[in-house]
Structures are given as C-alpha cells and as structure tokens.
Amino acid sequence: MRMSRLFLETLRDFPADAECTSHKFLVRAGYIRKLTNGIYNYLPLMWRVLKKVEKITREEMDNAGAQEILMPFLQPKELWEESGRWGAYGKELMRVKDRHGKEMCLGPTHEEIVTFVAREGVRSYKQLPLNLYQIQSKFRDEIRPRFGLLRGREFIMKDAYSFDRDVAGMEKSYKIMADAYTRIFERCGLVTKPVQSDSGAIGGNVSHEYMVITQTDSGEDNVFYCDDCDYAANSNHAISNLPEAVTAGEWNKAEKVATPDTGSIKELAEFLKIPESIICKCLVYIADKEPVLVLIRGDKTVEETKLMNALGAKEEIRTASDAEIAELMDKHGFGARPGFIGPKGFDDIRIIADNTVKELKNFVMAVNENDVHVVGANFGIDVDMPKEFADLRLVEAGEFCPQCGKPLKVTRGIEVGNIFQLGTKYSVPMGATFTDEDGSEKPFVMGCYGIGISRTAAAAVERHHDEHGIKWPIAIAPYHVTVIPVNIQDEMQMKIAEEIYEKLQKEGVEVLIDDRDDRAGVKFKDADLIGIPLRITAGKTVQEGLVEYKVRETGEVTKMTPDEAVKTVVETVKAALNK
RNA sequence: CGGAAUGUAGCGCAGUUUGGUAGCGCACUGUGUUCGGGUCGCAGGGGUCGCAGGUUCAAAUCCUGUCAUUCCGACCA
C-alpha cells in the first residue's frame, strides 16, 4: 500500500476525551474515530488488525472442530421470552420495535438464537457433539461506555456454542475450547490468565474469563491470584480464607451505650476503642425495588455481584438512597440516621448475612436509635439469627488462597475471552432436545464461548506500546513492514525503495511504502506512532548500496544491502507467523 | 441513576468574568524554501460559536429550557 493513497490521518495531539493508552493511540494514530458514545468507525488500519484477530480466531476454532455460521443481529422478543431473559437481561439489552410494533432486540449475545438453530436442526445424538460459532458485531447498551474499544457499546465478538448429549461431553467440549483460547491469545501476542468468574446474565455454573494482565490503569477488573498454585479468580467470584481476627467482644452482657456522631464503622471503632471486626455492619440495599438488609462483619466489604446472585435479583441492585432509608425508617417507626440502622425490628423485610457474621459473639450493632449502639450483643438472645447466609464478601489481597493457603495477590486485568458451562439453562426452557441412543428425548447440554475481537486488539495496544506509539505484534499488525524513501525527490532512494517494495510484495509480505512528499521526521514519527513492526529506510546510505533495517519492538538498527533487508524481513515475518 | 464539568473550523484550544460584527496552533489549498526524527516564510479556504426560546439598539458572552459529550460516583450506613 502506498502511504500517499492510504486513508489515514494521524493527529499531532492526543484526543482530549481519551482516558486509556489504547484509546489515545488508536485515535491519534488514525485507527478509529468515534461516531457516538461507545460506537466507533474502524478505519483501514484498524480493520486490517481486526481481520487478523478474526483470522487467527477462525483458524483455531476450525481446528478445534467448530463450524462457522452467521446469525441475525436483530432478534425477536419471543425467543427471549422462552429463555426467560427478556425480563432478566436488564437495561443493557437494546430493545427496539419494528414498524408493526413487534418487539425485537439488538443481539448482545446469541444463546437464544443458536438454541433455536439446534432445536430445528439436531434430531439425534449421532449429530453430537456440535460446536457452532460466528464473528459479528454485538450491541450492549452499557451504563457507561469508556476506554475506547475496551468498553464500547457496539463491538465485534466471536461467540461459539457447544451442544453435547451429557455433562461429560460438555466438559470435554469446554476443555477443547479452553485450549483453543490459550492458543488464540498467544498467537495475538497476549499472555492471558484464565480466572474463575461469575457467569452473570449468561448463566451456568462453571465459567472462566481470559484476562490480559495490565500494569496500567486500564484494566477494569480486579483479579485475585495465587503465586503458589493455579488459583485465579475475578473479584466477583474470588473466595479466600481469612486471617485470624477478633470476632468476639469482651462484654459479658448486652447493653446500650452512647455513641454520638459515629456514622461510620471507622468512627464507631475508634470511639469504642475496639477492632472493626467485632461490629456487625448493617447496610440497606434496594434489590429490584425491594429494600433488603445486608449484614457483614464491620471490617469487610460487600461484593455486589455476589449479593445480587445470592438474592436472585434480576434487574438491579444498589445501596439505598438517604431518602429511601428515611422512608423505610418511618414505616417501621424508627428515626435512625444511616450509621445507626440495625437488623432488629425488621421482621417484614428480607435480611441476608455474609458468612463472616456467623462467628460474631458479643458484638456491636446499631439498634435504630441515633447516637446509640448495643455492645455485647448475641444472635438468638438480643437479635434473631438471620435466616439467610451467603458468601457476600469482597476478597482483599493478603487473605489466603482457598486452594493452598498462601496469601493472594491482586492485579488489574482486561477480560478478552469468556467461557461458560451452561448445562441445560437454555435447552430445557426452550425445549431444545434430541433423541438419545436409548430412544429417550433429552435436552442439549450446552457451553458458550466468547472472544471480544475488538477488545483483544485494544488489549494488545495496552500491552505493546511505548511513548512514541504502538508496537504491534507482527501477527496482528496492519502491515508487517514499512519502506521509507527519506526523500522522494532523490531518484536513487526512490528507485531502491520501490524495488524493495515490489520484492516484498512478491514474497507475500504486507508492506507499506511511505511515498508521501514529506520530511523524514514526519515519516519516522508516523511509522512509530502507527506501530509497524519492521522498517526499511532508503536514505543517504543508498550511495554505498545500503539501507537501514529497524525493528520497532527493540529499536535495533542494522545497515544492510536491499536484498539482505528483503530477505531479513521475509524470514522475520515468516518466523513470527509460524509461531 | 446521582454529582461535576464541557460544547467555538477536521484535531487541540483562547475569547464568556466586563455584551459591540469570531481568533490562535496543528491539519487543509497555492507558492517558495528546507530535506535523516513532527523545517521556515508568504498567500488562501473553512465556523448560523450544540440546539431552541428570551433579555437587549446589539448576544459566543447574560437568562431559561433542551440535547450531546466527558469525568467522578453509583461499595460500608
């Protein structure tokens, strides 16, 4: 490709609204432009990168025995009602009506559709196992899109779905996908960590996320992991063993004490000169519009995804506003401010407690009176034992690994892939069945497997860049090499550059030639910014029959003859692609 | 959804306090100059100042509404 003809505009400045590295560089280097909030145009260089990520994904999926199809982007409400997700998916599901008033949605994922496909097309166990996948734009109406391609509303995703006759088959399919995923990301130049995660709106029991570990600010999830074993889990799924803590107070009977102006756990603990771990914290949440009291040990934090799952909440979960708390107090005849709310006297609303609450003895709790707490309280005596317990606790670094007991560490990660064991979550309600060997009708046992194609490309930028620009891994770079004639007025430079350009093309190398009538500095800056992995410069040294070969990744520069340069590039590219 | 901020040329911004016919840098066009890390000069083109109302002799500037974008929060009671 001739740079003089390439549809590309690089910017002198970073865009003002970009937060993270990949967003900044992709816009500045002319890969993407925003159309509207969370929605981007993919310009020629970006589209080449995306096609490469897709190609690698296709190859590995095909190798793993999956078959590519393409399902509609617009989906009818009826199928979503069959699966029960029309109500359950929430506001991220972009709902639209057609001219007849028929309700549809933009596909955020395709479990319903693919289950329909299998229901129609698979009759017998002889047709199983089956794995169908597609690569397509998805739409999720995110609350807050950000970080450019890392969290857009419209994005490109590969989604695959496996169908098996039993759980053992599903587990085998799952393992095959897990292995394929590791290879896909490796080939894209990304080291990933599979971590246990919450399965969220997709459903199912077992799921893993493939996380690219980032040192930067752009990771959006906290990953807890153990150096001594293979344990790794997203914060919404991580569990841990707690270090020893004081969970019993020294009072020998319950009594009210004045605790003026102790609105927070920290203030209360300081005032009473006690550890936070003997306080029973009581939070008011609103789950699907209903108030819920949540109890947890004072020094611990509620993990809201866990809470949502424990409550079985469908739409949303959030802490109650001050107004909602006031209303709740009024209804029960209490006048307590936040900070003085306790579980006693709320027989008519749901109360759920974290497992840490079980151990509390002679603890401190609020009793719905301002500036007063009870110390030395016990369940069963001073307040009813909560009926529901669950793990609601956010793990913290330094707590102990549930597998091997060593301290856990935390890091930021970008989720680029996600695999789920769905079981029969969709096949049963949607009546998707096959006839098994014994003649009986059975539901498919399913798995589903996603890769964020556009997010993977952005994650690669997060991992491969320096202050000058992007440093693409060769396998997904838009072009492998750029040939720069320093001065296009110089006939000899131009002639040699053109010759190299042609030879490389003949060898099947993807090559740019910077034939723009610009100064050398401009061309070098652009080459670095857009991140082409290899560079051949035809400048002054052509007088001596030499050109310069430069590797973007290392900055290493070598002078060699044009033929040697061609040969080196061909070999380097070949080696990189065969990895 | 709550809080804050911002909308002025393709991009980055000034001008708004104190109302008086819209500016800078980059990019773009022409031309000269320069030519190995974002040359320098000259001459140009491009904006109903987000939109709609209002106040005023006069509004980018003041007022009201509205839309959009961005940031923070939506986790401790």
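Every heavy atom of this structure was used, including side-chain atoms; hydrogens, water molecules and symmetry mates were not. Order of the sequence lines sets the chain letters (A, B, ...), proteins ahead of strands, with each chain counted from 1. Note that the structure is predicted; figures quoted are calculated from it, not measured.
Taking atom CZ of A/Phe147 as the reference point, atom P of B/U70 lies 12 Å away to the nearest angstrom. Between the CG atom of A/Leu35 and the P atom of B/A68 there is a distance of 14 Å, given to the nearest Å. Between A/Arg516 atom CZ and B/A27 atom P the separation is 12 Å, expressed in whole Å. Regarding A/Ile530, its CD1 atom lies at a distance of 14 Å from the C1' atom of B/G38, rounded to whole Å. Look at CG on A/Leu293: it is 16 Å from P on B/C75, rounded to the nearest Å. A straight line from CZ of A/Arg393 to C1' of B/C75 spans 15 Å, rounded to a whole angstrom.
Here the side chains of A/Phe334 and A/Ile341 are not in contact, with every heavy-atom distance at 4.5 Å or above.
Taking atom P on both nucleotides, B/G38 is separated from B/A52 by 45 Å, rounded to a whole Å. The same atom, C1', is picked in B/G2 and in B/A59; the two are 33 Å apart, to the nearest Å. Taking the P atom of each, B/C71 and B/U64 are spaced 27 Å apart, rounded to whole Å. Between B/G73 and B/C26, the distance separating the two P atoms is 37 Å to the nearest Å. Here, B/U61 and B/C40 have their C1' atoms 37 Å apart, quoted to the whole Å. Separating the P atom of B/A22 from that of B/G47 is a span of 12 Å, rounded to the nearest Å. On the P atoms, B/G7 is 29 Å away from B/U29, given to the nearest whole Å. Separating the C1' atom of B/G15 from that of B/A9 is a span of 15 Å, rounded to the nearest Å.
In this view, A/His332 and A/Phe346 satisfy the ring pair (Phe, Tyr, Trp, His ring centres under 6.0 Å) rule, not counting sequence neighbours. Residues meeting the side-chain contact (heavy atoms from CB on, under 4.5 Å) test with A/Glu359, sequence neighbours left out: A/Thr247, A/Arg297. Shown here are the side-chain contact (heavy atoms from CB on, under 4.5 Å) partners of A/Asp563, two or more places apart in sequence or in another chain: A/Lys503, A/Thr561. With sequence neighbours excluded, the residues satisfying side-chain hydrogen bond (donor to acceptor under 3.5 Å, both in side chains) with A/Glu498 are A/Arg2.
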**Message:** One character per nucleotide, please: for nucleotides 31-36 of chain B, 5' to 3', B when the base has a protein heavy atom closer than 4.0 Å, S when only the sugar-phosphate does, - otherwise.
**Reply:** ---BSB
**Per-nucleotide protein contact string for nucleotides 3-13 of chain B (B base, S sugar-phosphate only, - none; heavy atom under 4.0 Å)** = -------S-SS
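The 12-atom threshold is exceeded at CD of A/Glu92, counting heavy atoms of other residues, nucleotides or ligands nearer than 6.0 Å.
Pairs of residues two or more places apart, or lying in two chains, that qualify as salt bridge (charged side-chain N to carboxylate O under 4.0 Å, His left out) and include a residue from residues 365-377 of chain A are A/Lys256-A/Glu369, A/Arg337-A/Asp371. The stretch residues 373-390 of chain A participates, sequence neighbours left out, in these salt bridge (charged side-chain N to carboxylate O under 4.0 Å, His left out) pairs: A/Arg350-A/Glu388. Judged as a salt bridge (charged side-chain N to carboxylate O under 4.0 Å, His left out), not a single pair has a partner in residues 270-282 of chain A (not counting sequence neighbours).
Contact annotation for A/Leu529: base contact, defined as any heavy-atom pair under 4.0 Å involving a base atom. Contact annotation for A/Val284: base contact, defined as any heavy-atom pair under 4.0 Å involving a base atom. As judged by a 4.0 angstrom heavy-atom cut-off over every strand, A/Leu283 is placed among the base-contacting residues. If you check every strand for non-hydrogen atoms under 4.0 Å, A/Asp528 touches a base. Counting non-hydrogen atoms under 4.0 angstrom, A/Leu394 reaches a base of the nucleic acid.
As the counterpart of B/C40, B/G32 is assigned, both hydrogen-bonding distances of the Watson-Crick or G-U wobble pattern falling under 3.5 Å. In a base pair of the Watson-Crick type (N1 to N3 plus N6-O4 or O6-N4) or a G-U wobble (N1-O2 and O6-N3), with each distance short of 3.5 Å, B/C24 is matched with B/G12.
Counting only N and O atoms by type, the side chains of A/Glu304 and A/Tyr285 include a donor and acceptor under 3.5 Å apart. Using a 3.5 Å distance cut-off with no hydrogens or angles, the side chains of A/Asp514 and A/Thr482 do not pair a donor with an acceptor.
Checking the phosphate oxygens (OP1, OP2) of B/U70, a side-chain nitrogen or oxygen of A/Lys34 falls inside 4.0 Å.
Residue-to-nucleotide proximity on RNA chain B shows that, of A/Lys281 and A/Arg28, the 5′-proximal contact is made by A/Arg28.
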Side-chain polar contacts of residues 533-542 of chain A - donor-acceptor pairs under 3.5 angstrom, sequence neighbours left out - could you list them?
{"unit_1": "A/Arg535", "atom_1": "NE", "unit_2": "A/Thr537", "atom_2": "OG1", "d": "3.4"}
{"unit_1": "A/Thr541", "atom_1": "OG1", "unit_2": "A/Leu546", "atom_2": "O", "d": "2.8"}

Hey, can you pull the donor-acceptor pairs under 3.5 Å for the side chains in residues 390-399 of chain A, sequence neighbours left out?
{"unit_1": "A/Asp391", "atom_1": "OD1", "unit_2": "A/Arg393", "atom_2": "N", "d": "3.4"}
{"unit_1": "A/Asp391", "atom_1": "OD2", "unit_2": "A/Lys306", "atom_2": "NZ", "d": "2.9"}
{"unit_1": "A/Arg393", "atom_1": "NH1", "unit_2": "A/Ser240", "atom_2": "OG", "d": "3.2"}
{"unit_1": "A/Arg393", "atom_1": "NH1", "unit_2": "A/Glu399", "atom_2": "OE1", "d": "2.9"}
{"unit_1": "A/Arg393", "atom_1": "NH2", "unit_2": "A/Ser240", "atom_2": "O", "d": "3.1"}
{"unit_1": "A/Arg393", "atom_1": "NH2", "unit_2": "A/Ser240", "atom_2": "OG", "d": "3.4"}
{"unit_1": "A/Glu399", "atom_1": "OE1", "unit_2": "A/Ser240", "atom_2": "OG", "d": "2.7"}
{"unit_1": "A/Glu399", "atom_1": "OE1", "unit_2": "A/Glu396", "atom_2": "N", "d": "3.2"}
{"unit_1": "A/Glu399", "atom_1": "OE2", "unit_2": "A/Lys300", "atom_2": "NZ", "d": "3.0"}

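Residues from residues 36-47 of chain A lying near RNA chain B, meaning a heavy-atom separation below 4.0 Å, are A/Thr36, A/Asn37 in numerical order.
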